[in-house]
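The block underneath contains the structure these notes are about, expressed in structure tokens.
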Amino acid sequence: FLPPAGGSDFTMATVETNASTVATVANFQNRVLMSYSLGILRGDRAFVGLKSMMRCHPNAEVRYWAAYGLTCMHDKRAANEFEVVLGNEKEKARIRAQAAEGLGYLLEFVDRRSRRYQSAVTRLRRALRSRSPELRFWSTFALGKARARSALPFLRHLARTRVLLYLVDD
């Protein structure tokens, strides 16, 4: 799964092969560990490969785990990529939710006056209107990480009228 020692042979093909493999692994914990490993490898090749797969791969599972790997990278270059995925209403809610989570981690320490922050918070606030409880949950999480006070009135409204949390079946 991991590149050869020294990492010099770590190519885009290696990233794609590994990310595609993640989607086929039956054990959930192993999928998480494999995606996390891709994320912590960091580097330009890993970033470019995961970014490309998150946005364009035909398999939704690969797109999801690529988004998870990007989240683990904590690379500020991913913010724009997460925003694009989050704003794509044709994308599966689960993948958009992972993009929202990744965006939340990146916004935690961003200057609230910046365009990046304002744009991301606007996207996350729009996602609160989704029919998907998972997407609403992770958008709420991200807005909390971003300390986005501008979202509080709508979050209070949601709390009165909808269930924000989602339940995971055991």
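Along the sequence shown, residues carry numbers from 1.
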Indicate yes or no: does Arg131 engage Glu89 in a salt bridge with an N to O separation below 4.0 Å. no

With side chains defined as the heavy atoms from C-beta onward, is the minimum distance between Leu155 and Leu128 less than 4.5 Å? yes

Polar side-chain atom of Tyr68 near backbone of Ala99 as donor-acceptor pair, under 3.5 Å: no

Non-neighbouring partners of Arg63 that pass side chain to side chain donor-acceptor pair (under 3.5 Å), sequence neighbours left out: Glu91

Residue list, salt bridge (charged side-chain N to carboxylate O under 4.0 Å, His left out) with Arg55, at least two apart or on another chain: Glu81

First locate atom CG of Leu70, then atom CE of Met53, and finally report the distance between them rounded to the nearest 0.5 Å. 8.5 Å

Check whether NZ of the Lys or CZ of the Arg Arg96 lies under 6.0 Å from the centre of the six-membered ring of Tyr64 and within 45 degrees of that ring's axis. no

Rounded distance [0.5 Å steps], CE in Met73 versus CG in Leu106: 11.0 Å

Which distance, rounded to the nearest 0.5 Å, do you find between the OG1 of Thr71 and the CH2 of Trp65? 10.5 Å

Quick check for you: to the nearest 0.5 Å, what is the distance between Lys92 atom NZ and Ser132 atom OG? 11.5 Å

Does the ring center of Tyr105 lie less than 6.0 Å from the ring center of Phe82? no

Would you call the rings of Trp138 and Phe141 parallel, tilted or perpendicular, where under 30° means parallel and over 60° means perpendicular? perpendicular

To the nearest 0.5 Å, how far apart are OG in Ser139 and CZ in Arg129? 12.0 Å

List the atom of Asp111, the atom of Tyr117, and the distance in Å for their closest heavy-atom pair. O-CB, 3.4 Å

Residues at least two apart in sequence or cross-chain that pass side chain to side chain donor-acceptor pair (under 3.5 Å) with Ser119, listed by chain then number, are Glu83

Do you know which two heavy atoms are closest between Ala127 and Leu86, and how far apart they sit? CB-CD1, 3.9 Å

Heavy-atom distance under 4.5 Å between the side chains of Met54 and Gln98, does that happen here? no

Centre of Phe47's six-membered ring, under 6.0 Å away, within 45 degrees of the axis: is that where NZ or CZ of Arg77 sits? yes

Between Leu143 and Arg125, is there a side-chain heavy-atom distance shorter than 4.5 Å? yes

Would you compute the distance between atom CG of Leu135 and atom CZ of Arg94 and round it to the nearest 0.5 angstrom? 13.5 Å

For residues Ile95 and Ala60, report the shortest heavy-atom separation together with the two atoms involved. CD1-O, 3.4 Å

Check: Ser52 side chain, Val48 main-chain N or O, donor-acceptor pair, under 3.5 Å: no

Is it the case that one hydrophobic cluster holds both Val110 and Leu103, taking links as side-chain heavy atoms less than 4.5 Å apart, direct or via other members? yes

Checking Arg136 side chain against Ser130 main chain: does a donor-acceptor pair fall under 3.5 Å? yes

